[in-house]
Amino acid sequence: MSGLVFPGSRPHGCNSSLSIYNLWHTRTPCKRGISTMSSVAVLTQESFNEHRSGLLPEQVKCIGAEDEDSLPTYKDAFPPLPEKPLPEGVQETGNAWTTKIKPLKSSVITQVFHVPLEERKYKDMNQFGEGDQAKVCLDIMHKTGAHLELSMAKDQGLSIMVSGKHDAVMKARKEIVSRLQTQASATVAIPKEHHRFVIGKSGEKLQELELKTATKIQIPRPEDPSNLIKISGTKEGLEKAKHEILLISAEQDKRAVERMNIEKVYHPFITGAYNKLVGEWMQETGARINVPPPSVNKTEIVITGEKEQVALAMAKIKKIYEEKKKNATTIAVEVKKSQHKYVIGPKGNTLQEILDRTGVSVEIPPLDSSSETVILRGEPDRLGQALTEVYAKVNKLVFLSPACFIRLLCVYQQVHIEFTEGEDKITLEGPTKDVQIVQGQIEAVVTDLVSRMDYTEISVDPKFHRHLIGKGGANINRIKEQHKVSVRIPPDNEKSNLIRIEGDPQGVQEAKKELLELASRMENERTKDMIIEQRFHRAIIGQKGEKIKEVRDKFPEVIINFPDPTQKSDIVQLRGPRTEVEKCTKFMQKMVAEMVENSFSVSVPIFKQFHKNIIGKGGANIKKIREETNTKIDLPAENSNSEMIVITGKKANCEAAKNRVLAIQKELANITEVEVSIPSKLHNSLIGSKGRFVRSIMEECGGVHIHFPTEGSGIDAVIIRGPAEEVEKAKKQLLYLAEEKQIKSHTVELRAKPEYHKFLIGKGGGNIRKVRDNTGARILFPTADDKDQELITVIGTEEAVAEAQKELEALIKSLDNVVEDFMIVDPKHHRFFVARRGQVLRDIADEYGGVLVSFPRTGSQSDKVTLKGAKDCLEAAKKRMLEMIEDLDAQVIMECVIPQKFHRSIMGPKGSRIQQITKDHNVQIKFPDRDEQQADAPVQENGEANGEVKEPADPLVPKKCDVIVLSGRKERCEAAVEALKALVPLTIAVEVPFELHRYIIGQKGSGIRKMMDEFEVNIQVPAHELQSDIISVTGLASHLDRAKEGLLERVKELQAEQEDRALRSFKLTITVDPKYHPKIIGRKGAIITQIRNEHEVNIQFPEKNDENQDQITITGYEQNAVAARDAIQAIVHELEEMISEDITLDSRVHARIIGARGKGIRKIMDEFKVDVRFPQSGAADPNLVTVTGRPERVDEAIDHLLNLEEEYMGDMVENEAKMAYMKPSGSTASSMEEPRGPSKGFVVREAPWAIGNEKAPDMSSSEEFPSFGAPVTNARSSPWGPKRF
């Protein structure tokens, strides 16, 4: 019989119903005689009887479909989180909470903006990188958070590189354009009604336009009749903004928006099945048609696009609507609410399928409605077919037969088919004729399946199911395709560990084998959390993830997850095979320990002039110190005033590096340290405002370091460190000034233009020293950091200050007396002075009080050069220029012949050597072009080539490619030639035993590279097949001897290491019963590691497959190996004396004795020096506990454990008594109230626990909902997962 009941009809008799989808529905008898199908999860046969027995007689009545349907579903009561729909063909994994994490992209971008010279706001070339322009850039960086870097292009344009997040870069660009570029303005006229499209929603479009074009766009207010939009910005930005605004307007001119109100019931005919029809219309017309989805109760259809497209789309929609309104009719059928889901189908696919096949729309009442009426709407001749489709969906049942893998669709409505769970039996009920037909079909299918199919079931822990499925079903889909099988993995809510495989017999066996291997591998997997301070995370990951990649390559099976930097978490998670995770943990712990040890830092003050000596040629010195001390050494930038060198690494290594650096300074400058006693009350006056006074003393005395104690400390000692002579000089000055301060001190301030300061100071401080010596006063000039650059301070006694003031004022007055003069300079020398954008002239102006020197225009034959400035400065500048001209006139050109193959070596890295010679000897050096033909020239026989006869080259005439040309004064050129020849490398041979060559080279060439860098030579090791002992060393003559000594010293070290290696290779084997091996190794290898470290030996235990399982091998120095053997034998002797004793402890107290994470039991074992073993889950005697150790210790530990058991059991009895007192008995409760059945409670349909014969959780059960502190009994598995207490 069909389970569908129409209004007005009632079948006679009470027919049994069938269970579908693994017995989700149960057969329910009914007093009224109506057969009902229940989908209420809690009403199994047993729970129904319990429920019925608790009702009052007058309450016992038939629970019909209306009562069931009025209950909310589990999804209604507890709605799930929204899920992203899976693409077709991808198997859904069991975990609905899993979402795919999108890969993160870098949020930092870099853009370069160019400001042409003519559009620059600040065009002062002398203030590049400073002044107002620099302030503006700093302000932009502060406002936007972007990073700006400025550079000057050849055309005097400004290039600005901006880095940061996208929004910050766009904002910075807008600020740059508005504040560093000259602005222009323009207007653009568009219709007033288009203004809102330029503004956009909440002004977003306007903001985007302004950022995109770097302009300011002003749109008139709505009440303003003007249609003009004003734009201000750069020329390029104006054009872009105008173009964008006109594009928006033009687009709106073409577009139209139309809205049609069409009844909701006709929407499916307009969209078509699967939205095919509306999609075709949009493609055909080009218009966009927005039809509200079925879940949205709106009738308005919106069409947008160009006017012609919109009109065409509207005509099509109107035609369909009128046609369906005229011809369509409806039919209503009653379908039980619980079966509506079969009509709708997954994601509404069944409704679309019926619409596609029949052209009929099926209207289902909403979920919150109690109506069961389903309406079919369409052409009259199609309604019958659609109704049949609906009936088929309602009555279509999918059956599972565990024995025969049957998947059948029964289309015979009069036949009832029931599959018996757990039995190989199928029951058919119905008319005899129909039953026979269905029986024949089922038997045919069964025979076919048995003949060519096989199946198997494997047991896998549910926690591994999602890993078997893989990301997006990748693993399971691969297995299915590869072996041509069907694999059913139960969903999480079933809590089943059975996986079913069906298909070809061979494929089933192969798939089974592969799945079991995967499961076995995962059972050996574990997850471990490591606590690593967040400050080390970046160092462990490394630049661009290089370091962590090395760790992952070393342990490829381990997944390492670092927390998000924003979480401020120290937990790093490792997951993978147990042994690999342990190895990786130890490796990373070692890395972190090294980082902690290497994070010590010390700052060393070193005179700025010696920093280059610390670095050494090509960084040789600093590199050597870094490598030998294994430290990181950071020097301040060249343009920084800081003298501090920061050394980072292990404390001992930092101290060693510090001593090395200080030794270099001491060797170079004979550094001494002196302590001077000056009353602490005078310290502030000696330091001066912002340290000006003490800084002037340090500068005057060759940059000595003067260290005053902390203010308020009361210490009088002042430390002076520097070259011996300069320290003594500074000491005298400090003592003299301190004495003078105590007696009398006077201060005067003078003002002079900053460009005069250099001239007043004089070359090497000669002028100012003369004034100081004559008067005895101190004269302080402003530093680059001082705001007032014109202020000069004079300090001393009143008479000395007055005299110095008089002299300085006279000098300043003479400098203010600007005169103009000229001198004759041969035009051939003009280029020298104006080259490199007049760099020589700028240097003269800086040095001589801002003297302006003007040369005649290029192309003019005039030799008259004009000078303008203070008289004294002008004369000094004139004298300097004459010296330069004299040098130019005395210039000679000299040639130096050196074979071309040595040129690269002579130049040095980035031409550093040749630059040094040019600077030292004040000459110009030009190297010849490289002769490329030399290497490619064909071999000529008898001087013939291409039929021509060439005369042989004269060996006495040097080749052009070998000639280096020098220009300058003769004596300087000669000295430079000697310096060049001294740089020509030589080659010597050093004899090194062949077997040591690979150690000389080192791992990946590191050893030989280190020696070449250290000695600045090239070392050539012969090829392996030559078996030669000769190593060639090439370099400068001054470096070769040192390199040879270093190489021979390394040979001695290697030979000593070989001898030591032979001594360390002594092996000793001892026999120990394998049962003692774990005890010798200790927890996490603690005991064996201690023996290894203490005796410096390697101890090897036998492998699992080794024949000699009782042999332990010790390798190391003979005496150390013997000592390690004795230590192991002592442990074995102690273990042999131990005993094991079993005691009975109630299993309910085991958890309390063990404690959180085993802390309690570890404490007991450490205290009594015993080993305590608790039974595994499923053991025959769950109360049996084994204690192992020395006899007296075992007895003490057993007494302690029994005492604990007695104490904990007393607590449990007391808790149970309290619980019984707090929870009244059923008889007492019933005496206080009228007798009635148990409350039905809160019931929902289609709940996850409704699978199989599970009951709903009982809220009154202490097993389902235990109280805190109450004893826990072993309960059956729950649909909510394993209980954790």
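Atom set for the values below is all heavy atoms of this structure, side chains included, hydrogens, waters and symmetry mates excluded. Heads up: numbering here begins at 1 and tracks the sequence. What you see is a predicted model; the values in this text were computed from it and never measured.
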Can you find a heavy atom in the side chain of V551 that is under 4.5 Å from one in the side chain of I540? no
Looking at CD1 of I614 and CD1 of I645, how far apart are the two atoms once the value is rounded to the nearest 0.5 Å? 5.0 Å
I'd like to know if the side chain of H611 and the backbone of I606 have a donor-acceptor N/O pair within less than 3.5 Å. yes
Less than 4.5 Å apart, side chain to side chain, heavy atoms only: is that true for I560 and F555? no
Hey, could you give me the OG1/NZ distance between T631 and K650, rounded to the nearest 0.5 Å? 11.5 Å
Go through it in stages, so that I can follow the logic: the residues are K549 and D553, the test is salt bridge (Lys or Arg N to Asp or Glu O under 4.0 Å), and I'd like the CA-CA distance, side-chain angles, deciding distance and then a yes or no. CA-CA 6 Å; K549 186 177 182 297; D553 290 344; 3.3 Å; yes
Measuring from K1010:NZ to K624:NZ, what's the distance to the nearest 0.5 Å? 9.5 Å
Would you say the side chain of T110 lies within less than 4.5 Å of the side chain of M161, judging by non-hydrogen atoms? yes
In this structure, are over 12 heavy atoms from other groups packed under 6.0 Å from K171 atom NZ? no
How about NZ on K528, more than 12 heavy atoms from neighbouring residues, nucleotides or ligands closer than 6.0 Å, or not? yes
Spacing of NZ belonging to K216 relative to CG belonging to L206, to within rounding of 0.5 Å: 7.5 Å
Examine distances only and state if a side-chain atom of R575 and a backbone atom of V581 form a donor-acceptor pair shorter than 3.5 Å. no
Among residues two or more places apart or on two chains, list those pairs meeting side chain to side chain donor-acceptor pair (under 3.5 Å) that have a residue in residues 198-209. none
So which heavy atom on A146 is nearest to which on A172, and how close? CB-CB, 4.0 Å
How close do H194 and S249 get, counting heavy atoms only, and between which atoms? ND1-OG, 2.9 Å
Evaluate the side-chain proximity of V162 to L148: yes if any heavy-atom separation is below 4.5 Å, no if none is. yes
Under the side-chain contact (heavy atoms from CB on, under 4.5 Å) criterion, do K212 and K240 qualify, and how do the steps go? CA-CA 9 Å; K212 187 178 176 182; K240 283 183 181 177; over 6 Å; no
Got a donor-acceptor contact below 3.5 angstrom from the D570 side chain to the Q534 backbone? yes
Minimum heavy-atom distance between S601 and V646, given as atom pair plus value: OG-CG1, 3.5 Å
Could you report the tightest heavy-atom contact between F600 and K651, atom names first, then the distance? CD2-CA, 3.5 Å
So, K192 side chain and D224 main chain: donor-acceptor pair closer than 3.5 Å or not? yes
Verify side-chain contact (heavy atoms from CB on, under 4.5 Å) between I248 and L209, making sure each step is shown before the conclusion. CA-CA 11 Å; I248 292 169; L209 267 177; 4.1 Å; yes
Does some side-chain heavy atom of M595 sit less than 4.5 Å from a side-chain heavy atom of E533? no
Is there a side-chain contact between H195 and I190, using heavy atoms and a 4.5 Å cut-off? yes
Value rounded to 0.5 Å, distance of CG in N561 from CD1 in I571: 12.5 Å
Closest contact, heavy atoms only, A189 versus L228: CB-CD2, 3.5 Å
Calculate, to the nearest 0.5 Å, the distance between atoms CG and OG1 belonging to N653 and T648 respectively. 11.5 Å
More than 12 non-hydrogen atoms from neighbouring residues, nucleotides or ligands closer than 6.0 Å to CD on Q543, yes or no? no
How close do I160 and L150 get, counting heavy atoms only, and between which atoms? CG1-CG, 4.3 Å
Within the 4.5 Å heavy-atom criterion, are H537 and P563 side-chain neighbours or not? yes
Given side chains that start at C-beta, do those of I231 and T213 come closer than 4.5 Å, heavy atoms only? no
